[in-house]
Amino acid sequence: MSEKYDLLIIGAGPGGYTAAIHAAQSGMSVALVEEREALGGTCANVGCIPSKALLHSTELYSDIASHGKKHGIIADNLHIDIKTLQERKDDVVNRLTKGVGTLMKHNKVTVLYGLGWIIDAHTVEIRSKQETTQVHCEKLLLATGSEVQGIPSIPFDGKNIISSDEALELRTIPKELVIIGAGVIGLELGSVWARLGSKVTLLEGMGEILPGWDKELARSARKEFEKQGLNFVLNARVSKAETQKKKVYLHTEDGGDAYVGDNVLVAVGRKPRLSGFNLESLDLAYTPGGRSLAVDENYQTSVENVYAIGDIIPGPMLAHKALEEAVVFIERINGVSSRLRQETIPNVVYTAPELASVGKTEEQLKEENIEYAKSKSLMSANGRSIAMDNTTGFVKVLASKANDRILGIHIFGPQASHLIAEAVSAMDFDSSSEDLRRIVHAHPTLSEVLKEASMGIIGKKVH
Ligand code: NAD
């Protein structure tokens with residue numbers, strides 16, 4: 001007889017596996033279906049985690065190479081062993097993905113490896129190399145994540161024209177790497193390979209890098225990354241590629257000169273994974289435009305007992321968003337009316353320095369005619385920053401002119417990914433800039449720049 005579970009989840013990424021754990025902890029019988037051989041989804045296997053491992057190794061290397069001497073660290077014959085660098089990254093990934101497997105065991109979640117092929121709202125076929133079985137469920141959760149979105153006229157060939165999947169795996173350092181798209185993947189992977197010696201050029205279709213981010217932050221970051229050796233071409237919308245003698249020639253829509261590279265990384269976004277597993281059979285409703293699945297406040301799709309979270313529903317395609325949706329989803333099916341505040345989901349780019357942001361940008365506030373006060377505090381005015389020899393960047397606080405409530409915080413600077421947590425907490429508690437400036441911040445820490453920036457809202461900066 002085939003198995004029946006209270007909850008069957010397709011996709012073992014941060015959304016799927018978090019939902020599995022919470023569901024099991026609330027007493028449900030749970031099965032998690034995963035097509036990859038390892039758990040953890042894009043994030044752990046080919047996304048957040050491997051990229052952070054490479055970013056960390058290469059930052060260490062470039063720090064010692066460019067600042068070592070100043071600190072009295074003499075590392076003659078400093079060089080990169082790419083094999084070891086990649087093996088360490090693979091170890092990190094293995095450790096993480098195995099860890100997810102252990103969590104499943106501890107929580108008594110059944111993991112079913114194979115493609116989850118939907119038969120109906122209560123039946124899924126598990127298609128593995130070895131066998132095909134059917135499982136039944138009371139509730140079905142779709143957490144299938146996203147996949148690379150290419151440019152139709154520039155097909156991937158896995159060698160010269162590659163996606164982030166291959167760019168994380170390169171075993172030789174490209175001489176010339178051209179990246180289409182100066183978004184988050186372009187900047188992170190561009191930084192990795194530039195630090196290892198590649199000549200990196202980023203072709204960006206818009207007038208500034210990181211479209212959608214606060215423009216002042218993006219502009220400052222671009223200028224800093226230029227100093228680090230990244231070349232940016234703005235307003236360069238790539239529409240065509242030709243490969244000749246292992247070189248790729250890229251052409252932009254305006255018909256100017258071609259850009260040439262040994263490797264071309266196409267990093268123009270990701271799209272929801274909504275095909276290849278018979279989803280059509282459920283006849284689900286989509287959002288206007290058809291990009292994502294439409295869900296209600298319980299994450300239920302238009303079909304009863306079929307739910308969806310993560311990259312396949314509206315909102316930013318971020319692991320932490322999927323993970324929080326998983327928590328809220330399980331709470332709501334258990335009668336707790338929790339909700340995720342979309343407006344306080346942080347965004348991070350893990351370059352050096354990092355960028356991190358929460359809430360509205362100045363551009364959004366202007367567009368929405370919201371009157372705001374603005375204050376900026378520089379990393380270079382912070383004692384800890386100076387001690388760390390890491391003084392690039394600033395924190396910008398935007399607060400309502402009407403009631404001082406914080407509307408947005410944007411950080412470009414060392415450890416911005418950690419600093420943003422305080423900004424998120426403050427905004428989640430609807431704090432004012434006064435709340436933030438009255439909180440005691442340990443000295444000397446980078447977090448004082450956040451306090452200092454909020455003091456500037458009333459013109460009372462100390463540094
Ligand atoms: P992105 O949306 O961040 O950036 C894509 C960039 O490509 C944009 O700047 C866009 O203007 C540009 N572009 C699009 N078409 C173009 C063309 N034809 N020519 C030139 N430029 C063009 O997408 P991404 O960097 O591919 O990342 C995909 C997703 O992966 C992100 O949305 C994010 O959710 C996720 N991700 C997140 C992180 C993180 O949180 N640190 C890191 C990596 C990936």
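Both counts, for ligands and for their atoms, begin at 1 and track the order of listing.
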Any Lys/Arg nitrogen of Glu208 or Arg222 sitting under 4.0 Å from an Asp/Glu carboxylate oxygen of the other? yes
Do Tyr350 and Val348 touch side chain to side chain, with heavy atoms closer than 4.5 Å? yes
Regarding atom 7 (O) of ligand 1: of the candidates Gly150, Gly47, Gly181, which has the closest heavy atom? Gly181
Side-chain ion pair, Glu176 and Lys199, N-O less than 4.0 Å: yes
Counting heavy atoms only, name the option from Ile209, Thr42, Val348 that's nearest to atom 41 (N) of ligand 1. Val348
Would atom 32 (O) of ligand 1 count as contacted, meaning some protein heavy atom under 4.0 Å? no
Of all residues at least two apart in sequence or in a different chain, which pass the side chain to side chain contact (heavy atoms under 4.5 Å, CB included) check with Glu362? Asp214, Glu216, Lys366, Tyr372, Lys374, Lys396, Leu398
Only heavy atoms of Met317, strictly under 4.0 Å: list the atoms of ligand 1 that pass. 33 (C), 34 (O), 35 (C)
Consider every N or O of Ile185 and every N or O of ligand 1, then say whether any pair is closer than 3.5 Å. yes
Could you tell me the residue and atom name of the protein heavy atom closest to atom 21 (N) of ligand 1, and the distance to it rounded to 0.1 Å? Gly205 N, 3.0 Å
Just how far is it from atom CG of Leu340 to atom NZ of Lys321, taken to the nearest 0.5 Å? 8.0 Å
Among protein heavy atoms, which sits nearest to atom 12 (C) of ligand 1, and what does the distance come to when rounded to 0.1 Å? Glu204 OE1, 3.4 Å
Quick one: look up the protein heavy atom nearest atom 22 (C) of ligand 1 and list residue, atom name and how far away it is. Val268 CG1, 3.7 Å
Using a 3.5 Å cut-off on N or O atoms only, is Val184 in polar contact with ligand 1? yes
Do the side chains of Val124 and Trp117 get nearer than 4.5 Å, heavy atoms only? no
Would you call Ala236 a ligand 1 contact, heavy-atom distance under 4.0 Å? yes
How far is atom 26 (O) of ligand 1 from its nearest protein heavy atom, and which residue and atom name does that atom have? Gly269 N, 2.8 Å
Just let me know how Glu188 lines up against ligand 1, side chain, backbone, both or neither, with a heavy-atom cut-off below 4.0 Å. side chain
Using a 3.5 Å cut-off on N or O atoms only, is Met206 in polar contact with ligand 1? no
Please report the C-alpha distance between Arg405 and Asp435 in whole Å, then the side-chain angles of each, then the deciding distance to 0.1 Å, and finally whether the salt bridge (Lys or Arg N to Asp or Glu O under 4.0 Å) criterion is met. CA-CA 9 Å; Arg405 198 169 140 182; Asp435 293 327; over 6 Å; no
Heavy atom to atom 5 (C) of ligand 1, shortest distance: which of Gly212, Ala267, Ser163, Ser239 holds it? Ala267
closest protein heavy atom to atom 28 (C) of ligand 1 is Arg270 CG, 3.5 Å
By number and element, which atoms of ligand 1 are closer than 4.0 Å to a non-hydrogen atom of Ile180? 17 (C), 19 (N), 20 (C)
Contacts of Ser163 that satisfy side chain to side chain donor-acceptor pair (under 3.5 Å) - sequence neighbours left out: Glu166
Can you confirm, on distance only, whether ligand 1 has an N/O atom lying under 3.5 Å from any N/O atom belonging to Val238? yes
Under the criterion salt bridge (Lys or Arg N to Asp or Glu O under 4.0 Å), I'd like the reasoning laid out for Arg171 against Glu169: C-alpha separation, chi angles, the key distance, then a yes or no. CA-CA 6 Å; Arg171 305 277 152 162; Glu169 289 303 322; 2.7 Å; yes
Stepwise, does the salt bridge (Lys or Arg N to Asp or Glu O under 4.0 Å) test hold for Glu35 with Arg127? CA-CA 9 Å; Glu35 186 185 6; Arg127 298 179 169 184; over 6 Å; no
Derivation and outcome, salt bridge (Lys or Arg N to Asp or Glu O under 4.0 Å), residues Arg273 and Glu147: CA-CA 6 Å; Arg273 167 100 201 271; Glu147 55 197 1; 3.8 Å; yes
Any atoms of ligand 1 less than 4.0 Å from a non-hydrogen atom of Tyr350? List them with their elements. 41 (N)
Taking only heavy atoms of Leu203, which atoms of ligand 1 are found under 4.0 Å from at least one of them? 20 (C), 21 (N)
Sub-4.5 Å side-chain heavy-atom contact between Leu187 and Phe225: yes
Contact check: Ile151 vs ligand 1, nitrogen or oxygen atoms, below 3.5 angstrom: no
Which residue and atom name correspond to the protein heavy atom nearest atom 1 (P) of ligand 1, and how close is it? Gly183 CA, 4.2 Å
Could you tell me the separation between the CG atom of Leu140 and the CD1 atom of Ile9, rounded to the nearest 0.5 Å? 9.5 Å
